[in-house]
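First listed ligand is number 1; within each ligand, the first listed atom is number 1. Treat the numbers as computed from the prediction; the structure is a model and nothing was measured.
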Amino acid sequence: MTSPKHDDTVKEISQLIWQHAVDRDWDHPEPRSLAISISLEASELLEHYQWSGEPVGDKEALGEELADVLIYAFQLAHVIGVDPADIIRDKLQKAAKKYPAERFKGLSSTEKSKVWLETKIQHRENKKTL
Ligand SMILES: [Mg+2]
């Protein structure tokens, strides 16, 4: 992993993105439009991998598509009133319970896929009994 060029906090990035929207009077987007935009930009990112595991395009091109996804995600977080850092932490905590590290660490990729599916099914069945 490369070192970041800047040391911005999540809050600073969020403010930077929102200011960009405010400066252009783009600060009243519909949540639905932002959710659609996230999916569209994710598809643009996926297009780089459409025909091969090796992406078409360089790191800069991939980074631009990933940035589009993240920018819309930050905007949606702002509009619906959730803190990106909080929801990421909360989701990782839930995922850690759902997929305990000790069940996956050290397994081959085939074994991980099998355990992942078993864990997902088990989690779904546990939710039904609650
Ligand atoms: Mg794009």
Side-chain angles (χ1 to χ4, degrees):
M1 190 179 290
T2 59
S3 300
K5 289 184 209 156
H6 304 285
D7 204 16
D8 298 318
T9 65
V10 171
K11 184 172 249 162
E12 287 166 342
I13 291 295
S14 188
Q15 287 169 344
L16 201 62
I17 291 167
W18 195 248
Q19 190 60 52
H20 180 85
V22 168
D23 290 346
R24 288 156 184 80
D25 286 337
W26 295 345
D27 52 330
H28 298 287
E30 291 292 324
R32 175 184 175 273
S33 300
L34 294 170
I36 290 169
S37 297
I38 291 168
S39 182
L40 293 174
E41 294 298 344
S43 294
E44 288 183 15
L45 176 62
L46 194 55
E47 198 171 21
H48 288 269
Y49 295 93
Q50 185 174 9
W51 302 113
S52 165
E54 284 302 310
V56 174
D58 57 16
K59 209 178 209 178
E60 184 181 344
L62 294 170
E64 284 187 16
E65 296 304 346
L66 183 56
D68 287 340
V69 173
L70 294 169
I71 289 167
Y72 281 124
F74 270 79
Q75 284 184 310
L76 182 57
H78 182 94
V79 168
I80 66 174
V82 296
D83 181 88
D86 287 345
I87 61 174
I88 290 169
R89 275 193 208 95
D90 291 349
K91 188 65 184 187
L92 286 173
Q93 280 181 348
K94 286 179 187 170
K97 280 185 193 162
K98 186 174 176 181
Y99 304 108
E102 62 273 12
R103 290 199 64 191
F104 295 90
K105 192 81 176 165
L107 298 181
S108 70
S109 112
T110 305
E111 291 168 328
K112 280 183 201 160
S113 295
K114 185 175 177 256
V115 172
W116 174 81
L117 187 58
E118 288 169 2
T119 306
K120 192 172 179 67
I121 290 167
Q122 183 183 10
H123 183 76
R124 193 174 293 157
E125 288 177 3
N126 288 346
K127 279 176 91 175
K128 283 182 194 169
T129 58
L130 294 177

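Considering just the N/O/S atoms of Glu44, the one nearest the Mg ion (ligand 1) carries the name OE1. The nearest N/O/S atom of Glu65 to the Mg ion (ligand 1) is OE1.
Side-chain polar atoms of Gln122 and Asn126 form no donor-acceptor pair below 3.5 angstrom.
Rounding to 10°, one obtains 90° for the angle at the Mg ion (ligand 1) between OE1 (Glu41) and OD2 (Asp68).
At a cut-off of 2.8 Å, Glu64 is not counted among the residues with an N, O or S atom near the Mg ion (ligand 1).
Tyr99 and Trp116 have parallel rings, their planes meeting at less than 30° on a 0 to 90° scale where 60° marks the start of perpendicular.
Heavy-atom minimum distance, Lys98 versus Thr119: O-CG2, 2.7 Å.
Atom CZ of Arg24 has more than 12 heavy atoms from other residues, nucleotides or ligands within 6.0 Å.
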